[in-house]
Peer 1: 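The structure under discussion is supplied below as C-alpha cells; questions concerning it will follow.
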2 protein chains.
Amino acid sequence: MTMNNAGGRRKPPTIHDVAREAGVSRGTVSRVLNGGHYVSPTAQEAVNAAIRRTGYVVNRHARSLITGRSDSVGFLLTEPQERFFEDPNFNILLRGCTQALAAHDIPLLLMLAGTEDERRRIARYITAGHVDGVLLVSSHSGDPVAEELCAAGVPLVACGKPIGLGSKVSYVAADDRDGARDMVRHLLSLGRRRIGVVTGPLDTPGGVERLAGYREVLAEAGVDFDERLVVSGDYSRASGEAGAERLLAQAPDLDAVFVASDLMAQGVLAALRRAGLRVPDDIAVGGFDDSPAAVAATPALTTIRQPWDRISNEMVRVLLAQIGGEDTAAVILPTELVKREST
Amino acid sequence: MTMNNAGGRRKPPTIHDVAREAGVSRGTVSRVLNGGHYVSPTAQEAVNAAIRRTGYVVNRHARSLITGRSDSVGFLLTEPQERFFEDPNFNILLRGCTQALAAHDIPLLLMLAGTEDERRRIARYITAGHVDGVLLVSSHSGDPVAEELCAAGVPLVACGKPIGLGSKVSYVAADDRDGARDMVRHLLSLGRRRIGVVTGPLDTPGGVERLAGYREVLAEAGVDFDERLVVSGDYSRASGEAGAERLLAQAPDLDAVFVASDLMAQGVLAALRRAGLRVPDDIAVGGFDDSPAAVAATPALTTIRQPWDRISNEMVRVLLAQIGGEDTAAVILPTELVKREST
DNA sequence: CATGCTGCTGTGAGCGTTCACATGATCAAG
DNA sequence: CTTGATCATGTGAACGCTCACAGCAGCATG
C-alpha cells in the first residue's frame, strides 16, 4: 500500500518515485513525459498509470535547468501604459495570448516597462534567458528595450509593425490600410464625396497606414485630395472631439468622417451633436477597431473590426515557431467592415 | 583580458565564473547574492565588481530547484472573464499588482481559468508549487479552484471578500459599505429624499455591501425604506439602463439614484435622457468606481473612488507576508467621494 | 594555555531533470 | 552463424545553484 501523501502538504513525488512505482527507470519515465518515442506500449501504460496514482507533476525548474529553456514567455508592454490599459483591444490581445499559450502549457509573464529602471530590469531578466521569447506590444517607434532584445537575438514577435526596428523583426498586424480602404469605399458607396479623416498618431504604423488607405481609395475614385479634410489625433476621445471641431471649421460642407479609432469617433459624435448635425443623415461617421465603445456610442458606430483573436493566436504561433528555430516573417490579417447606425 | 562573450549569444556566466573572477568561492558569491550576511566588506566589494564585469545574472531555475520556492506568483482570474476584461478597474489592479511585485523582483504569471479544463490545469500548476502564491480575482461565490488552493494551503490573497471560502482566507477590499454611505449622505445633503438604487449583483459581497450602506444611511436619516426604489443590476451598462426604466415606472417621483457602478450609471443616464429628465436638475445620479466611464459620461459622474493602487499594493504586501509564513488578515481600505456634475 | 564564541570562508553534496551513451533484445539480411 | 540495423531500456553524468558543515582565524574569558 503506497503512502499517498494525503494530509501533510509535503514533498511532491519526483520522477524517481514514478519510476519505482511503474517498475521502470527514470529514463523511461522521462521519455514518456517528452513525447513517448522509443517506449514500448507496455512501459508507456505502466508509467502513465504510475503518474496518475502518484499525482506526479514535472518539476519545471529542474527541467529548465538542464534544457536551458524556461518554457515560459513574456508579454512586454513598453512606453505609455495608460494608453494601452484603457484600450479594450489590449485586453483582448492579452487574454488571447494567454489562452493560446495555455494551450501549449506555457505560462505568460506580464512585464510592464514604464520607468527607465523597470526597462533595465526587464531587459536583463529577458536576456538572462528567464523567458524563451517575448510578445511585444509597443506601437511607438524606436523602443530601446525592443532594440536590445533584437540585438541579443531573443525571439520576439510584435503586435503591429514596429517602426525603427530592423526589418528582420517578425510581427503580426491587421491590414490597417485595407481596412481604411473598405471604410472609405463604403462611405463613397453611400454617395458621400466630402469625406474628412481624423487620423491616428502619425508616428505609428497604424496611423500612417489608415491614412494611406483613405488617400488611395479617394484617388481611385477620382476625388481630389483636400488637405483641409485631414486632421490628426492621438486615438484619445478628446482628440477626436477637437479634430471634428477643426474639420467643421475648415470644411463646413463635410458629409462624412472616417475616424481612425472608435474612441476618437465617440469624441467626433459628441462634437457633431453639439454642432447640431444629425448622424448619419447630415454626416456619416466611420470608426476603426470595433471596440466596446463602438456599440456604446449613440448612434452605434459603423467600424472596422480587427481580428484580435486571430492576431493573438498568430503572435503565439509565430513566436513558438521562432523559439523552435524557424525563420518567421510578418503576418498581415484581413479586417472586416461592421455596419451599424452611424453611416 | 577576459573574454566577455561579446558577439555570439553563448553560455551566460555562472556563479562559478564570478567566484573565479572575484577570487573567492561559490559560497561567498552566493552569500553576497542573498543579503550579504557573513561576508567581509572586501569580499563583498570584489564580488560585486566581478558581477558587474561578467554581467552575471542568477539562474532562477537552479535556485528554485534547491530552495523549493519559485519566486513568482500567479494572478488568477476565474469565472466570467468578459466582465473583468471589460472592467477598467481590472486593468488598474493588474497593473498595480505587476508593478508592486516587480519592485520585489517577482514576476507575475497571468492565469485565466475560463473553461473547466483550464481550471484543472491551473490548479495542478499551482499546487505543484510552480508559483509561491496566488492573487485571486473572482467576485463570484464558491469558486472551486480557490477552494482547492485553500485546501492545499497555497498562500492566497483575494481582491474583495470572497463568499463561501472559509473565513480564514485573506483578502483586500475597499470599504464598499462606507463608500455607499458617503454617496447616499451626499445625496441627502442635496435635499433629495426619494433616492433610488441600482444595486450590483447580490451574490457578490460588493453588491450586498453597497446596498447595505444605502439602507443604513436612509435609516439613520429617518427616511422610510421603499422597496420600489430598489432594483438590481449586474454591473453592465445595459442593466443600468433597464434598471432606470424600472425605477421610473415604479417611482415616478424619484429625485436621485445611487448606482452601484459607473458603467451602470452610464446606462441610467441614457435612460433618464430618453425620459426627458435633466441631470442633475430633475434627478441626481451617483456612481461607484470612478472608472474612465465616469468622466466620459455626460454629465460627468459624481462617484465613489476605490483606492485601486492601494488595493493592489496591499494585496501584494499581504501575499508576500503570507508566503513568508506570517499569519495575515483582511484589509479594508477607505473610499473617497469624487464630486462632479451629475449631482 | 585551554576553551569558547564570533566572523568569515571554502567544500561537498544534492535539488529533479534530461541527455548522451552503453547495453540488450529482436529480427532481417548476408 | 555472423553482422548490422532498429528498437527499448537503464545508467551515470551534468545543469547552476544553495545549504549544511567544517575549518580557520581572531579575540575575549576562564
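Keep in mind that this is a model prediction, so the values were computed, not measured. Throughout, a chain's letter reflects where its sequence line sits, starting with A, and its residues are numbered from 1.
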Peer 1: Between the main-chain N or O of A/Ile106 and the side-chain N or O of A/Asp71, is there a donor-acceptor pair closer than 3.5 Å?
Peer 2: no

Peer 1: Would you say the side-chain atoms of A/Arg119 pair up with the backbone N or O of A/Gly114, donor to acceptor, closer than 3.5 Å?
Peer 2: yes

Peer 1: Could you give the CZ-to-C1' distance, from B/Arg69 to D/dC19, as a whole number of Å?
Peer 2: 12 Å

Peer 1: Using only atom types and a distance under 3.5 Å, with no angle test, would you say the side chain of B/Glu314 pairs donor to acceptor with the backbone of B/Ile311?
Peer 2: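 Answer holds: no.
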
Peer 1: What is the 5' to 3' range of DNA chain C, first to last nucleotide, that sits under 4.0 Å from any heavy atom of chain A?
Peer 2: C/dG16 to C/dT18

Peer 1: Could you tell me the separation between the NE2 atom of A/His37 and the C1' atom of D/dT6, rounded to a whole number of Å?
Peer 2: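 Result: 16 Å.
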
Peer 1: Can you find a side chain N or O atom of A/Ser40 that sits less than 4.0 Å from OP1 or OP2 on D/dC7?
Peer 2: no

Peer 1: Which angle, to the nearest 10 degrees, lies between the helix axes at the two ends of the helix from C/dC1-D/dG30 to C/dG30-D/dC1, each defined by five pairs?
Peer 2: 60°

Peer 1: Expressed as a whole number of angstroms, how long is the span from B/His16:NE2 to D/dC15:C1'?
Peer 2: 13 Å

Peer 1: Does either side chain, that of B/Asp17 or that of B/Thr54, offer a donor lying less than 3.5 Å from an acceptor on the other one?
Peer 2: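 Result is no, nothing qualifies.
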
Peer 1: Whether the side chain of A/Ser170 engages the backbone of A/Thr328 through a donor-acceptor N/O pair (distance < 3.5 Å, no angle test) should be reported.
Peer 2: yes

Peer 1: Between A/Glu118 and A/Thr115 (side chain of the first, backbone of the second, donor and acceptor by atom type, cut-off under 3.5 Å), is there such a pair?
Peer 2: yes

Peer 1: Treating A/Thr28 as the side-chain partner and A/Val24 as the backbone partner, does any N or O pair qualify as donor plus acceptor under 3.5 Å?
Peer 2: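 Pair absent, no side-chain N/O of A/Thr28 close to backbone of A/Val24.
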
Peer 1: Would you kindly give the CZ-to-P distance between A/Arg63 and D/dG16, to the nearest whole Å?
Peer 2: 18 Å

Peer 1: Consider only side-chain N and O atoms of A/Ser70 and A/Ser64, and report whether a donor and an acceptor are under 3.5 Å apart.
Peer 2: no

Peer 1: Near DNA chain D, under 4.0 Å by heavy atom, which residues of residues 24-32 of chain B?
Peer 2: B/Arg26, B/Ser30

Peer 1: Treating B/Ser30 as the side-chain partner and B/Arg26 as the backbone partner, does any N or O pair qualify as donor plus acceptor under 3.5 Å?
Peer 2: no

Peer 1: In whole Å, I'd like the distance from the CG atom of B/Asp71 to the P atom of D/dT18.
Peer 2: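 In whole Å, D/dT18 P and B/Asp71 CG are 10 Å from each other.
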
Peer 1: Figure out the CG/P separation between B/Asp17 and D/dG16, and round it to whole Å.
Peer 2: 9 Å

Peer 1: Under the criterion side-chain contact (heavy atoms from CB on, under 4.5 Å), I'd like the reasoning laid out for B/Arg60 against A/Tyr125: C-alpha separation, chi angles, the key distance, then a yes or no.
Peer 2: CA-CA 10 Å; B/Arg60 299 171 91 105; A/Tyr125 188 90; 3.4 Å; yes

Peer 1: Could you state the CG-P distance from A/Leu65 to D/dT18, rounded to the nearest angstrom?
Peer 2: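 Taking atom P of D/dT18 as the reference, CG of A/Leu65 is at 12 Å.
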
Peer 1: Do B/Leu94 and A/Leu94 make a side-chain contact, defined as non-hydrogen atoms from C-beta onward lying under 4.5 Å apart?
Peer 2: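 Side chain of B/Leu94 against side chain of A/Leu94, heavy atoms only: contact under 4.5 Å found.
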
Peer 1: Within this structure, what is the NZ-to-P distance between B/Lys11 and D/dA14, rounded to whole angstrom?
Peer 2: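 Checked: the NZ to P distance equals 11 Å.
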
Peer 1: Both B/Gly23 and B/Ala62 contact DNA chain C. Which one's nearest nucleotide lies toward the 5' end?
Peer 2: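 The answer here is B/Gly23.
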
